[in-house]
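Each remark here refers to the structure printed beneath this line.
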Amino acid sequence: MIISIASGKGGTGKTTVATSLALSLEEEIQFLDCDVEEPNAHIFLKPDFFKKESVKIEIPQIDFSKCDFCGKCAENCAFNAILVFKDKVLIFENLCHSCGGCKLICPRSAISFGEKEIGVVNYGNFNGSTFVNGYLNLKEPMPGPVIKKVKDFIDEKKLVIIDSPPGTSCPMVNSVEGIDYCLLVTEPTPFGLNDLSLAVSVLRKLNIPFSVIINLADIGNDDVERYCRNEKIEILMKIPFSKKISSGYSKGIPLIEVFDSYKDKFKLLIEKINKRSLKL
């Protein structure tokens, strides 16, 4: 089973839930940190890294001995990554999505591809399980290829926990595509409710089953719970506000080490998800 821990916004406790869930299980699992713009699950799981791979994308290159500056490549580029002048072609690498359309449409075969590194993927082990995370290079705008590289490591025979990027844009969608179940972590605030509803819309469009975990459950108001009741969304867990949890988080101490009782709660959480998946 592949379970993704997601949220509509940052700071809801997504990594707290994901790492606590991983550390509560006794079986061998896989943990993938797909928040490649700001990965931090390694701070809590403390893996021993043994391998690093570069993530590269293809960038078009122009052979000016063949190019007649017809402009068809620029006309075809949906991302405006190519600009053709009378005697010059500009390639905006940060806009290029490596789709290959420019090469296919070029009537003079004047376009080839070179490689550009946009990030790295690290592989490691923790507690007898495997850990993978990715880092998007500074100033690179597209985390998607790095996220896909991280997910290439998925072994569907094992339980896989994915710590997704925050939000509901392309990185979050890249991380939840192909999963079996999603846990949405939210907080009982107006911002939490607004972004939870956006995340729910995304998962419903992708036809991915999901439930909700409310973090900081004893602050704010009950609008999130009312929303879940009205939308028939099950709340699987509530985690109250605690200075001990926050203090532990700031020091890289997982929730289940701060409060040992949560280890059994997260084991029960997996059992609930398994039962729901069997009914689907």
Side-chain angles (χ1 to χ4, degrees), residues 1-7 11-53 55 119-135 146-166 175-176 178-185 211 213 215 236-237 239 242 244-277:
M1 176 181 286
I2 305 172
I3 302 172
S4 182
I5 317 300
S7 64
T12 60
K14 186 169 45 61
T15 299
T16 295
V17 170
T19 55
S20 297
L21 188 60
L23 291 170
S24 297
L25 303 174
E26 298 174 358
E27 62 187 285
E28 181 182 352
I29 67 166
Q30 288 186 319
F31 190 101
L32 310 183
D33 190 347
C34 286
D35 188 2
V36 301
E37 294 179 83
E38 198 173 3
N40 65 342
H42 61 282
I43 297 172
F44 303 92
L45 299 182
K46 300 174 177 59
D48 294 319
F49 290 107
F50 61 85
K51 182 181 178 183
K52 177 186 290 186
E53 287 188 31
V55 181
V120 296
V121 171
N122 301 303
Y123 304 89
N125 294 312
F126 75 100
N127 291 358
S129 295
T130 52
F131 179 95
V132 186
N133 71 1
Y135 283 85
V146 183
I147 293 172
K148 290 177 181 178
K149 183 73 172 180
V150 172
K151 292 181 69 177
D152 283 345
F153 193 70
I154 287 177
D155 182 353
E156 295 186 2
K157 296 179 182 178
K158 298 178 182 178
L159 174 63
V160 181
I161 297 174
I162 296 176
D163 190 0
S164 295
S175 71
V176 301
I179 68 169
D180 298 306
Y181 204 90
C182 186
L183 287 172
L184 288 175
V185 184
S211 299
I213 292 177
N215 190 27
L236 292 186
M237 181 185 285
I239 303 173
S242 167
K244 288 185 178 180
I245 295 175
S246 300
S247 177
Y249 185 90
S250 69
K251 299 173 184 177
I253 302 174
L255 166 61
I256 65 165
E257 292 184 17
V258 177
F259 291 110
D260 184 65
S261 60
Y262 272 92
K263 189 170 186 177
D264 290 334
K265 293 180 181 180
F266 279 105
K267 286 181 179 179
L268 182 61
L269 184 65
I270 285 292
E271 293 178 10
K272 291 179 180 179
I273 293 173
N274 282 329
K275 289 179 181 179
R276 281 150 187 75
S277 297

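Just so you know, these numbers use all the heavy atoms, side chains as well, and skip hydrogens, waters and symmetry mates.
Judged purely by atom type and a 3.5 angstrom limit, Lys149 has no side-chain atom pairing as donor or acceptor with the backbone of Val121. Between the Gln30 side chain and the Phe153 main chain, a donor and an acceptor come within less than 3.5 Å of each other. Put simply, the side chain of Asn215 gets close to the backbone of Thr12: a donor and an acceptor are under 3.5 Å apart. Without hydrogens or angle criteria, Asp33 side chain to Ala41 main chain gives a donor-acceptor distance under 3.5 Å. A donor-acceptor contact shorter than 3.5 Å links the side chain of Ser242 to the backbone of Lys244. Under the 3.5 Å distance criterion, the side-chain polar atoms of Ser250 are matched with a main-chain donor or acceptor of Ser247.
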Report the C-alpha distance between Asp35 and Ile147 in whole Å, list the side-chain angles of each, state the deciding distance to 0.1 Å, and finish with yes or no for side chain to side chain contact (heavy atoms under 4.5 Å, CB included). CA-CA 8 Å; Asp35 188 2; Ile147 293 172; over 6 Å; no

Ile273 and Lys275: side chain to side chain contact (heavy atoms under 4.5 Å, CB included), yes or no, with the steps? CA-CA 5 Å; Ile273 293 173; Lys275 289 179 181 179; over 6 Å; no

Walk me through it: do Lys272 and Met237 pass the test side chain to side chain contact (heavy atoms under 4.5 Å, CB included)? CA-CA 11 Å; Lys272 291 179 180 179; Met237 181 185 285; over 6 Å; no

Criterion salt bridge (Lys or Arg N to Asp or Glu O under 4.0 Å) on Lys51 and Glu53, from CA distance to verdict: CA-CA 7 Å; Lys51 182 181 178 183; Glu53 287 188 31; 3.1 Å; yes

Ile245 and Phe259: CA distance, side-chain angles, deciding distance, side chain to side chain contact (heavy atoms under 4.5 Å, CB included) verdict: CA-CA 8 Å; Ile245 295 175; Phe259 291 110; 3.6 Å; yes

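Taking CG of Leu21 as the reference point, atom OG1 of Thr16 lies at 12.0 Å (rounded to 0.5 Å). In this structure, CG in Leu184 is found 9.5 Å from CD1 in Ile213, a value given to the nearest 0.5 Å. Expressed to the nearest 0.5 Å, how far NE2 of His42 lies from NZ of Lys46 amounts to 10.0 Å. Separating the CG atom in Asp163 from the CD1 atom in Ile5 is a distance of 7.5 Å, to the nearest 0.5 Å. Taking NZ of Lys14 as the start and OG of Ser164 as the end, the distance is 6.5 Å to the nearest 0.5 Å. In this structure, Lys263 NZ and Glu257 CD are separated by 9.5 Å, a value rounded to the nearest 0.5 Å.
Closest of all the heavy-atom pairs between Leu45 and Ala22 is CD2-CB, 4.4 Å. When all heavy atoms of Cys182 and Ala6 are compared, the closest pair comes out as SG-CB, 3.8 Å. Minimum heavy-atom separation, Ser20 to Leu255: OG-CB, 3.2 Å. Closest approach of Asn274 to Met1, counting heavy atoms only: OD1-CE, 3.4 Å. Counting all heavy atoms, side chain and backbone alike, Phe266 lies closest to Ser24 at CB-OG, 3.4 Å. Scanning both residues, Ile2 and Gly178, for their nearest heavy atoms gives CD1-O, 4.1 Å.
Put simply, the side chain of Thr15 does not reach to within 4.5 Å of the side chain of Ile43, judged on heavy atoms. Looking at Ser129 and Phe31, their side chains never come closer than 4.5 Å, going by heavy atoms from C-beta outward. Contact annotation: the side chain of Pro47 never approaches that of Asn125 to less than 4.5 Å [non-hydrogen atoms, C-beta and beyond]. The side-chain heavy atoms of Ile179 and Ile162, taken from C-beta on, include a pair separated by under 4.5 Å. Under the 4.5 Å side-chain criterion, counting only non-hydrogen atoms from C-beta, Leu269 is not in contact with Lys265. Side chains of Val160 and Asp155 form no contact here, defined as non-hydrogen atoms less than 4.5 Å apart. Considering only heavy atoms from C-beta on, Ser211 comes within 4.5 Å of Tyr181 through its side chain. With contacts defined as side-chain heavy-atom distances shorter than 4.5 Å, the pair Val146/Lys148 does not qualify.
In the displayed structure, Lys52 atom NZ is contacted under 6.0 Å by at most 12 heavy atoms of other residues, nucleotides or ligands. Atom CD of Glu38 has 12 or fewer neighbouring heavy atoms from other residues, nucleotides or ligands inside a 6.0 Å radius. The environment of CD in Glu156 is sparse: at most 12 heavy-atom neighbours from other residues, nucleotides or ligands sit within 6.0 Å.
Judged purely by distance below 3.5 Å, without hydrogens or angles, the side chains of Asn122 and Asn133 pair a donor atom with an acceptor atom. A side-chain donor-acceptor contact under 3.5 Å links Tyr249 and Asn40.
Between Phe131 and Phe126, the ring planes are perpendicular. Angles over 60° get that label, and only those under 30° would be called parallel.
Glu27 has no carboxylate O lying under 4.0 Å from a charged side-chain N of Lys158, or vice versa, which leaves the two without a salt bridge.
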